[in-house]
**Student:** 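Quick one: the structure is below, and I'll ask about it shortly.
Below, read A as the first sequence line, B as the second, and so on, with proteins coming before strands; counting in each chain starts at 1. Keep in mind that what you see is a predicted model, and the values were worked out from it rather than measured.
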Amino acid sequence: MTSTPRRVIAHLDIDAFYASVELRRRPELRGLPVIVAGSGPRAVVTTASYEARRFGVDSAMPAARARALCPDAIVIAPDFEAYRRASGEVWSLVREQVPVIQSAGIDEAYLELSEEPFPVALLRALVQNVRERTAMTLSVGIGPSRLVAKTASAHFKPAAFVAMSREQAVAHFAAHPPRVLQGIGPKTAERLIALGIRTVGELQAAPTQLLAQRFGERMARELHARAHFFDDSPVEPVRIAKSRSSELTFPTDVADAAALERALVGMAHELGEGLRARGRRARTIAIKVRLDDWTTVTRARTVEHFTNDSETIAVISLELLRAYAPVRPVRLLGVRVASFEDESPAPSPQSPVQLVLPV
DNA sequence: TCTGGGGTCCTAGGACCC
DNA sequence: TCTGGGGTCCTAGGACCC
């Protein structure tokens, strides 16, 4: 193996982002438990302030459960337009200092700092500047990989500022559950427990053969690498979307076919509009149907010609829905488009060049 | 008191072609 | 008459992340 150049990557995460935006414009709520969540019967928590988290409230929790855990919490309806603006403020300040940034959602980003002579000093100044100019607090993890940086910032937030080597991460997280590693979710964690693996350290020591038997070669290699914090994935500043979707969970389950079709057509038009606004066209149109018993079905069709026409997307979506014809009440309905033009070489029945050549 | 919405990536199997 | 293997495209489901 050849020696690899030194890498320095930072992961930045805005603390309790949505709640912080709300507190900034309503300072009288500072120090109080604040929950940002929708009001519908099926709403979930988008963010909770740290005061609310002390009651066990957390993101993605049903709002009703959050209210039960923390009855005194102030619940605020999300204002995504405001969050989008606030996010822009923060990341444009960061971009003034660091050219190579990969956004990872509205409130996170990875920074490539390998060429930076004094990355820690730069980041200190950046955190200070962001705090003064936006009233947002960043948590910062610094390491030789995205995995180390991310795990560090996530573990030490809020207001984290931690640099770790790979070896330090291997030692520091050895006693923690494998869930701390990005890519190991609840299902994989359960399967690991079934193998008697309850910590990152136990995963580090697990025989690769055992992991391969249980998870397959590829996943086994991946698990082993992650447990040892090996990760050479690059910071990718430009990522082009591969699909777009729109979906809706109904406040109560819907059995009426006409009502389902109206919802589907609405989402198809929304998607078509978004594609046209971005100058993109797709060949695959798919629907997603979640029934009242939570079974989820997808149906897709790939057509010959790229399109961003709302009517076309609507017609194909309707055909897919009618062909599936859900027999139980529907909880969620969605439309998705993918296989974009310019994303991969498009199938060309005849080469356009040949078409215009004289015989 | 049940579980949002927007994405990415992986796997497995079938169709089809050579 | 029977049998092969590889490659690509597509669909469906599932895990995971923010």
Side-chain angles (χ1 to χ4, degrees), chain A residues 11-14 16-18 36-47 56-71 77-78 80 83-84 87 102-110 146-147 150-151 153-154 178-192 215-223 226 233 236 239-251 253 267 270-271 274 283-290 292-304 320 323-324 331-340 343-347:
Chain A
H11 179 258
L12 273 53
D13 190 326
I14 309 174
F17 176 56
Y18 296 172
V36 180
S39 55
R42 287 169 169 176
V44 299
V45 174
T46 47
T47 321
V57 177
D58 208 353
S59 298
M61 173 181 286
R65 174 160 162 74
R67 287 174 198 269
L69 285 171
C70 188
F80 291 104
Y83 308 148
R84 210 188 47 73
S87 168
Q102 178 178 344
S103 162
I106 198 166
D107 62 346
E108 289 184 25
Y110 293 93
R146 304 197 330 168
L147 181 59
K150 162 82 186 177
T151 313
S153 69
R179 274 299 260 119
V180 302
L181 301 171
Q182 209 182 18
I184 299 183
K187 302 286 182 181
T188 306
E190 273 309 309
R191 293 173 72 189
L192 287 171
F215 293 97
E217 289 288 344
R218 188 195 167 89
M219 177 97 172
R221 272 199 306 276
E222 190 65 34
L223 288 171
R226 286 197 187 203
S233 65
E236 293 179 284
R239 300 203 61 186
I240 299 166
K242 295 183 172 177
S243 68
R244 293 186 60 81
S245 62
S246 175
E247 61 182 53
L248 175 68
T249 295
F250 300 110
D253 300 334
M267 290 186 276
E270 211 175 284
L271 276 180
R283 286 173 60 226
T284 302
I285 288 117
I287 63 164
K288 172 169 157 184
V289 183
R290 175 124 72 209
D292 61 347
D293 64 356
W294 205 259
T295 51
T296 305
V297 168
T298 61
R299 291 291 183 268
R301 185 185 304 165
T302 299
V303 296
E304 191 176 348
L320 292 169
Y324 171 58
R331 176 191 178 91
L332 171 152
L333 201 53
V335 184
R336 186 177 68 94
V337 292
S339 309
F340 290 140
E343 149 197 296
S344 59

**Student:** So, is A/R244 near the phosphate of B/dG7, with a side-chain N or O under 4.0 Å from OP1 or OP2?
**Tutor:**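 Checking A/R244 against B/dG7: at least one side-chain N or O falls below 4.0 Å of OP1 or OP2.
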**Student:** Just call it for A/V45: base, sugar-phosphate, or nothing, with non-hydrogen atoms closer than 4.0 Å on any strand.
**Tutor:** nothing
**Student:** Is the side chain of A/T46 donor-acceptor paired with the backbone N or O of A/V36 at a distance under 3.5 Å, no angle test?
**Tutor:** yes
**Student:** At 4.0 Å (heavy atoms only), tell me whether A/R179 reaches a base, stays on the sugar-phosphate, or touches nothing.
**Tutor:**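 Sugar-phosphate: the residue A/R179, judged by heavy atoms under 4.0 Å, touches backbone atoms but no base.
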**Student:** Quick check for you: among B/dG4, C/dA15, B/dG6, whose closest atom lies nearest to any side-chain atom of A/K187?
**Tutor:**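 The answer is C/dA15.
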**Student:** At under 4.0 Å between heavy atoms, what does A/L69 touch on the DNA or RNA strands: base, sugar-phosphate, or nothing?
**Tutor:**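 Since no nucleic acid heavy atom lies under 4.0 Å of A/L69, the category is nothing.
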**Student:** Without decimals, in angstroms, what is the distance between A/R239 CZ and B/dT8 P?
**Tutor:** 7 Å
**Student:** Quick one: A/L223 CG to B/dC9 P, roughly how many Å, whole number?
**Tutor:** 18 Å
**Student:** Under 4.0 Å, heavy atoms only, any strand: does A/P78 hit a base, just the sugar-phosphate, or nothing?
**Tutor:**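 No contact at all - A/P78 keeps every heavy atom at 4.0 Å or more from the nucleic acid.
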**Student:** Just the rounded figure in Å: distance from C1' of C/dA15 to CZ of A/R226.
**Tutor:** 12 Å
**Student:** Please pick, from B/dT3, B/dG7, B/dC9, the nucleotide with the shortest atom-to-atom distance to any side-chain atom of A/K242.
**Tutor:**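 Closest nucleotide to the A/K242 side chain: B/dC9.
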**Student:** Under the salt bridge (charged side-chain N to carboxylate O under 4.0 Å, His left out) test, which residues partner A/D107, sequence neighbours left out?
**Tutor:** none
**Student:** Starting at CE of A/M61 and ending at P of B/dG4, how long is that distance when rounded to a whole Å?
**Tutor:**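 About 14 Å, once rounded to whole Å.
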**Student:** State which of B/dG5, B/dT1, C/dC18 makes the closest approach to the side chain of A/E108.
**Tutor:** C/dC18
**Student:** Could you tell me which residues satisfy side-chain hydrogen bond (donor to acceptor under 3.5 Å, both in side chains) with A/D292, sequence neighbours excluded, listed by chain and number?
**Tutor:** A/R328
**Student:** Rounding to a whole Å, what distance do you find between A/E236:CD and C/dC17:P?
**Tutor:** 18 Å
**Student:** Side-chain N or O of A/K150 less than 4.0 angstrom from OP1 or OP2 on C/dC18?
**Tutor:** yes
**Student:** Does the side-chain hydrogen bond (donor to acceptor under 3.5 Å, both in side chains) test come out yes or no for A/S59 and A/T47, once each step is laid out?
**Tutor:** CA-CA 5 Å; A/S59 298; A/T47 321; 5.2 Å; no
**Student:** Rounded to the nearest Å, what distance is computed from the CD atom of residue A/E247 to the C1' atom of nucleotide B/dT3?
**Tutor:** 13 Å
**Student:** Once pairs are restricted to Watson-Crick or G-U wobble with both distances under 3.5 Å, how does DNA chain B read as a dot-bracket string, [ ] for crossings and | for other-strand pairs?
**Tutor:** ....||||||||||||||
**Student:** Quick one: side-chain hydrogen bond (donor to acceptor under 3.5 Å, both in side chains) partners of A/S245, sequence neighbours excluded?
**Tutor:** none
**Student:** If you look at every strand shown and take non-hydrogen atoms under 4.0 Å, does A/R336 touch a base, only sugar-phosphate, or nothing?
**Tutor:** nothing
**Student:** Quick one: salt bridge (charged side-chain N to carboxylate O under 4.0 Å, His left out) partners of A/R42, sequence neighbours excluded?
**Tutor:**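 So A/R42 forms a salt bridge (charged side-chain N to carboxylate O under 4.0 Å, His left out) with A/D253.
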**Student:** To the nearest 0.5 Å, what is the distance between NE2 (A/H11) and CD (A/Q102)?
**Tutor:**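 So the NE2 of A/H11 and the CD of A/Q102 are separated by 9.5 Å.
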**Student:** Given B/dG4, C/dC18, B/dT1, which nucleotide is nearest the side-chain atoms of A/W294?
**Tutor:** B/dG4
**Student:** Please list, chain by chain and in numerical order, all residues satisfying ring pair (Phe, Tyr, Trp, His ring centres under 6.0 Å) with A/Y83, sequence neighbours excluded.
**Tutor:**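 By the ring pair (Phe, Tyr, Trp, His ring centres under 6.0 Å) rule, A/Y83 matches A/Y18, A/F80.
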**Student:** Using heavy-atom distances to pick each residue's nearest nucleotide on DNA chain B, tell me which of A/L271 and A/D292 is more 5'.
**Tutor:** A/D292
**Student:** Counting only heavy atoms not in A/E236, do more than 12 sit closer than 6.0 Å to its CD atom?
**Tutor:** yes
**Student:** When we call it a touch if two heavy atoms are under 4.0 Å apart, what does A/A60 touch: a base, just sugar-phosphate, or nothing?
**Tutor:**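 If one applies the 4.0 Å heavy-atom cut-off, A/A60 turns out to touch a base.
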**Student:** Which part of the nucleic acid, if any, lies within contact of A/T188, taking any heavy atom under 4.0 Å across all strands shown: a base, the sugar-phosphate backbone alone, or nothing?
**Tutor:** sugar-phosphate
**Student:** Pick base, sugar-phosphate or nothing for A/R299, based on heavy-atom distances below 4.0 Å to the nucleic acid.
**Tutor:**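 Sugar-phosphate, no base atom in range.
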**Student:** Quick check on C/dC2: syn or anti? Syn means the glycosidic torsion is within 90 degrees of zero.
**Tutor:** anti
**Student:** What is the distance from OH of A/Y18 to C1' of C/dC18, rounded to the nearest Å?
**Tutor:**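 After rounding, the gap between these two atoms is 8 Å.
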**Student:** Nearest whole angstrom, please: distance from the C1' of B/dG5 to the CZ of A/F80.
**Tutor:** 8 Å
**Student:** Could you list the residues that satisfy salt bridge (charged side-chain N to carboxylate O under 4.0 Å, His left out) with A/E222, not counting sequence neighbours?
**Tutor:** A/R226
**Student:** What's the gap between B/dG4 and C/dC16 when it is taken at their C1' atoms, as a whole Å value?
**Tutor:**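 After rounding to an integer number of Å, I get 16 Å for this pair.
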**Student:** For A/R301, give me all partners under salt bridge (charged side-chain N to carboxylate O under 4.0 Å, His left out), at least two apart in sequence or on another chain.
**Tutor:**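 Salt bridge (charged side-chain N to carboxylate O under 4.0 Å, His left out) list for A/R301, sorted by chain: A/E319.
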**Student:** What nitrogen or oxygen pairs link the protein and nucleotides 10-14 of chain B at under 3.5 Å?
**Tutor:**
unit_1: B/dC10; atom_1: OP1; unit_2: A/R218; atom_2: NH2; d: 2.8

**Student:** When you get a sec, tell me which of B/dG4, B/dG5, B/dG7 is the closest nucleotide to the side chain of A/L248?
**Tutor:** B/dG5
**Student:** Atom OG1 of A/T249 and atom CG of A/L332: how far apart are they, to the nearest 0.5 Å?
**Tutor:** 4.0 Å
**Student:** With a 4.0 Å limit, can you tell me whether A/S59 has a side-chain N or O closer than that to the phosphate oxygens OP1/OP2 of C/dC18?
**Tutor:**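 Looking at the OP1 and OP2 atoms of C/dC18, neither is under 4.0 Å from any side-chain N or O of A/S59.
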**Student:** Does A/S245 place a side-chain N or O at less than 4.0 Å from the phosphate oxygens OP1/OP2 of B/dG7?
**Tutor:** yes
